[in-house]
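Taking it in order: structure first as structure tokens, then the write-up.
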Amino acid sequence: MYGMLNEGIRSFVTENHGPEAWQSICETAGLDQLEFERMSSYDDAITYKLIDAICGFTGLPLADVMAIFGRYWVDFAGASHFGNLMRLAGNSFIEQLKGLDDMHDRILLTMPHLKPPSFEVEQRDDGSCILHYYSEREGLAPMVIGLLHGLASETGEHIEVSQVAAKSEQCDHDIFEVRILDKAPQPSSTGA
Ligand code: HEM
């Protein structure tokens with residue numbers, strides 16, 4: 001994974017638990033570094049070890065840590081210079097969801113070793129959607145749940161997500177059902 005993601009994890013831990021916690025998590029993960037180059041690519045094992053070490057530190061289950069981090073990542077990455085790529089896709093959760101592959105493709109232009117996820121959205125008449133998530137990696141589905149909640153909060157929407165199929169020998173990807181519950185009123189452009 002690109003160092004930017006590991007830096008996101010560092011920021012997540014230091015904001016919530018302080019720099020000593022981060023140092024101890026890196027030690028548990030067996031790392032000899034405390035910081036990462038955002039634009040360099042690192043072994044995925046580092047990211048998985050960091051997440052495991054956070055579970056050990058907080059006592060939270062793996063799925064919870066991944067979901068909480070996923071939600072945090074949208075704020076972290078959204079505040080980076082890539083943030084506009086996400087917002088340019090549209091003003092609603094569904095539009096931004098549909099724009100994720102294009103967004104990651106555009107990031108690929110500056111991060112050539114990126115192994116981006118791919119999403120396919122099937123909209124249903126009742127406003128809900130079925131989301132297909134394809135990845136070369138294993139075990140990231142709980143993070144996707146947090147990412148989706150984070151994405152929805154970008155446009156003031158609230159969603160309910162349930163995983164309806166998991167990547168397995170029978171199915172080559174994870175599948176989620178996403179329901180949009182409500183949309184918070186947007187501030188008017190005149191400020192009135
Ligand atoms: C501005 C916002 C975002 C930026 C800059 C960004 C960038 C990145 C980067 C750099 C990676 C690491 C991939 C690698 O190193 O190979 C990544 C992974 C990933 N991103 Fe995004 N991302 C953003 C938003 C989102 C959102 C909103 C979602 C989903 C709702 C998402 C889904 C994922 C997933 C699932 C992965 C893990 C890779 C995998 O599945 O194999 N990202 N992203």
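Remember, predicted model here, so these are calculated numbers, not experimental data. As the structure lists them, so they are numbered: ligands from 1, and atoms in each ligand from 1. Each residue takes its place number in the sequence, starting with 1. Below, each value reflects all heavy atoms present in this structure, side chains not excepted, and no hydrogens, waters or symmetry copies.
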[atom] [closest protein heavy-atom partner, distance rounded to 0.1 Å]:
atom	result
atom 34 (C) of ligand 1	P117 CG, 3.4 Å
atom 13 (C) of ligand 1	L114 CD1, 3.4 Å
atom 31 (C) of ligand 1	H104 CE1, 3.5 Å
atom 23 (C) of ligand 1	M103 CE, 3.3 Å
atom 32 (C) of ligand 1	L147 CD1, 3.5 Å
atom 26 (C) of ligand 1	L100 CD2, 3.7 Å

Of the side chain and backbone of [X], name the one, both, or neither that has a heavy atom under 4.0 Å from an atom of ligand 1.
X	result
L85	neither
M111	side chain
L97	neither

Under 4.0 Å from any heavy atom of [X], which atoms of ligand 1 are there?
X	value
S135	39 (C), 40 (O), 41 (O)
I107	4 (C), 5 (C), 6 (C), 7 (C)
K115	14 (C), 16 (O), 41 (O)
M86	1 (C), 2 (C)
R137	14 (C), 16 (O), 38 (C), 39 (C), 41 (O)
L140	37 (C), 39 (C), 40 (O)
Y133	35 (C), 39 (C), 40 (O)
V144	35 (C)

- Message: Quick check on side-chain hydrogen bond (donor to acceptor under 3.5 Å, both in side chains): which of E120, H132, K167 does H173 satisfy it with?
- Response: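 The side-chain hydrogen bond (donor to acceptor under 3.5 Å, both in side chains) with H173 is passed solely by H132 among E120, H132, K167.
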| query | Taking the minimum heavy-atom distance to atom 1 (C) of ligand 1, which of G146, A77, P116 ranks first? | reply |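 When every heavy atom of G146, A77, P116 is considered, A77 comes closest to atom 1 (C) of ligand 1.
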task = Going by heavy-atom distance to atom 8 (C) of ligand 1, choose the closest among W73, F93, Y2, Y42.
result =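 Looking at heavy atoms only, W73 sits closest to atom 8 (C) of ligand 1.
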Pair E95 + K98: basic N to acidic O under 4.0 Å:
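No, no charged N to carboxylate O under 4.0 Å.
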Could you tell me whether [X] atom [atom1] has more than 12 heavy atoms of other residues or ligands within 6.0 Å of it?
X	atom1	result
R87	CZ	yes
E37	CD	no
N91	CG	no

### Query
Would you find a donor on one side and an acceptor on the other, under 3.5 Å apart, between the side chain of Y72 and the backbone of G8?
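Not at all, since once roles are kept as given, no pair shorter than 3.5 Å links the two residues.
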H104 side-chain N/O to L100 backbone N/O, donor-acceptor pair under 3.5 Å:
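Flag set: sc H104 to bb L100 pair under 3.5 Å.
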Does any N/O atom on H113 come nearer than 3.5 Å to any N/O atom on ligand 1?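 Such a contact does not occur with ligand 1.
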* Between Y42 and F36, is the ring centre distance below 6.0 Å? ->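 That pair passes the under 6.0 Å test.
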Verdict with reasoning, E157 to L181, per side-chain contact (heavy atoms from CB on, under 4.5 Å) = CA-CA 7 Å; E157 287 164 271; L181 302 177; over 6 Å; no
**Message:** If you apply the rule salt bridge (Lys or Arg N to Asp or Glu O under 4.0 Å), what do you find for E177 with R179, and how did you get there?
**Reply:** CA-CA 7 Å; E177 182 181 54; R179 290 185 176 278; 3.6 Å; yes
* From CA spacing to verdict: side-chain contact (heavy atoms from CB on, under 4.5 Å), F119, V144 -> CA-CA 11 Å; F119 295 95; V144 172; 4.1 Å; yes
Hey, can you tell me if W73 and F69 have their rings parallel, tilted or perpendicular (30° and 60° cut-offs)?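 Tilted: the ring planes of W73 and F69 meet at 30° to 60°.
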